[in-house]
Amino acid sequence: MSKELLYYSTNLQSPKVRFKEALLTGQAPDKGLYMPESIPVLDRSMFFRFKQESYANIACTVAYQFLKDEIPASDLQEMVHDAYNFDVPLQNVYKRSHIMRLDRGPTASFKDFAARLMGRWMQ
């Protein structure tokens, strides 16, 4: 079993909490933002596979690294795919430089990317 991932306040004056409490509380009692104690390391080979994957599949793989002890994999996959049920194109701007079009969600706002998934997690 993996070590439980906890979230700390950036002001360092509040107790560490699990994901659910950080999500539902929003801001820490000391007015800091919650951050994970550690950032899971993705295997290098994953990045090569990501070139062939949809945004939803990539988001699911990354989110699972943070939430595997919090949300069952099948539930997480369902939430992520429901939240990101639209295309997220990359647009070439110069040679090998691209931008991700964060204006392609349902409300044409970059906020669609966080708000839609957070809403599903909060349910």
Side-chain angles (χ1 to χ4, degrees):
M1 177 132 186
S2 61
K3 181 181 175 253
E4 178 181 60
L5 182 59
L6 296 175
Y7 294 76
Y8 69 94
S9 168
T10 54
N11 286 336
L12 305 174
Q13 300 300 310
S14 293
K16 293 176 183 177
V17 297
R18 293 182 64 171
F19 172 74
K20 181 178 179 179
E21 186 175 342
L23 175 69
L24 296 177
T25 302
Q27 193 173 38
D30 65 3
K31 306 298 184 222
L33 301 176
Y34 283 115
M35 296 289 295
E37 273 187 312
S38 63
I39 305 293
V41 177
L42 298 176
D43 183 80
R44 185 175 175 88
S45 66
M46 286 184 179
F47 291 98
F48 295 106
R49 289 195 309 265
F50 285 168
K51 290 175 73 172
Q52 312 304 319
E53 296 287 340
S54 68
Y55 181 84
N57 286 342
I58 296 167
C60 193
T61 298
V62 173
Y64 180 74
Q65 302 305 308
F66 288 88
L67 302 173
K68 58 186 161 202
D69 295 326
E70 303 286 339
I71 302 173
S74 59
D75 292 346
L76 180 62
Q77 183 174 6
E78 184 179 326
M79 288 184 249
V80 170
H81 283 270
D82 184 51
Y84 302 132
N85 61 357
F86 50 88
D87 288 331
V88 184
L90 292 178
Q91 182 176 336
N92 182 265
V93 289
Y94 180 75
K95 293 186 180 179
R96 294 179 54 195
S97 298
H98 296 75
I99 59 171
M100 183 178 288
R101 295 299 305 263
L102 301 181
D103 61 343
R104 298 303 168 97
T107 68
S109 171
F110 70 93
K111 296 176 205 161
D112 288 331
F113 289 82
R116 286 174 61 91
L117 188 53
M118 282 183 65
R120 279 137 184 95
W121 284 341
M122 293 174 99
Q123 290 177 353

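L23 and L6 fall into different hydrophobic clusters, where Ile, Leu, Val, Met, Phe, Trp and Tyr residues are linked whenever their side-chain heavy atoms come under 4.5 Å apart, directly or through other members. The same ILVMFWY cluster, assembled from side-chain heavy atoms under 4.5 Å apart, contains both M46 and L67. Grouping the Ile, Leu, Val, Met, Phe, Trp and Tyr side chains by contacts below 4.5 angstrom, directly or via other members, places V62 apart from M35. Criterion: ILVMFWY side-chain heavy atoms under 4.5 Å apart, direct or through other members. Under it, V17 and L12 are not part of a common hydrophobic cluster. Cluster membership check: V41 does not share its hydrophobic cluster with F47, using side-chain heavy-atom separations under 4.5 Å among Ile, Leu, Val, Met, Phe, Trp and Tyr.
Residues K111 and L102 form no side-chain contact, since every pair of their non-hydrogen atoms from C-beta on lies 4.5 Å or further apart.
With sequence neighbours excluded, the residues forming a side-chain contact (heavy atoms from CB on, under 4.5 Å) with L33 are T10, listed by chain and number. Looking at residues two or more places apart in sequence or on another chain, you find no side-chain hydrogen bond (donor to acceptor under 3.5 Å, both in side chains) involving S74. Considering only residues two or more places apart in sequence or on other chains, Q91 meets the side-chain contact (heavy atoms from CB on, under 4.5 Å) condition with I99, R101. Looking at residues two or more places apart in sequence or on another chain, you find a side-chain contact (heavy atoms from CB on, under 4.5 Å) between S38 and L5. Among residues two or more places apart in sequence or in another chain, the side-chain hydrogen bond (donor to acceptor under 3.5 Å, both in side chains) test is passed with D87 by none.
With rounding to the nearest 0.5 angstrom, the CZ atom of F19 is 6.0 Å from the OH atom of Y7. Distance check, rounded to the nearest 0.5 Å: CG of L76 to OH of Y64 gives 9.0 Å. Expressed to the nearest 0.5 Å, how far CE of M118 lies from CG of L24 amounts to 9.0 Å. Note that the CZ atom of R49 and the CG atom of L42 stand 10.0 Å from one another [nearest 0.5 Å]. Distance check: F86 CZ to Y55 OH gives 7.5 Å after rounding to the nearest 0.5 Å. Here the straight-line distance linking atom CZ of R104 with atom OG of S109 works out to 13.5 Å at 0.5 Å rounding.
The two residues V80 and A59 have their closest heavy-atom pair at CG1-CB, 3.9 Å. Of all non-hydrogen atoms in Y34 and P15, the two that sit nearest each other are CE2-O, 4.4 Å.
Checked by atom type and distance alone, the side chain of T25 never pairs as donor or acceptor with a backbone atom of A28 at under 3.5 Å. Judged by distance alone, the side chain of Y84 and the main-chain N or O of F113 form a donor-acceptor pair under 3.5 Å. Listed for the T61 side chain is a donor-acceptor partner under 3.5 Å among the backbone atoms of N57. For the pair D30 (side chain) and S14 (backbone), a donor-acceptor distance under 3.5 Å is present. With hydrogens and angles disregarded, a donor-acceptor distance shorter than 3.5 Å links the side chain of Q27 to the backbone of K31. No side-chain donor-acceptor contact under 3.5 Å links D103 to the backbone of A108. A distance-only check finds a donor-acceptor pair linking the side chain of N92 to the backbone of K95 [under 3.5 Å].
Within a 6.0 Å sphere centred on CD of E78, heavy atoms belonging to other residues, nucleotides or ligands number 12 at most.
Among residue pairs with one or both ends in residues 17-29, those qualifying as salt bridge (charged side-chain N to carboxylate O under 4.0 Å, His left out) are E4-R18, R18-E70; sequence neighbours excluded.
Side chains of N11 and S9: a donor-acceptor N/O pair is absent below 3.5 angstrom, by distance only.
Applying side chain to side chain contact (heavy atoms under 4.5 Å, CB included) to R116 and the options N85, D82, T107 leaves one that passes, N85.
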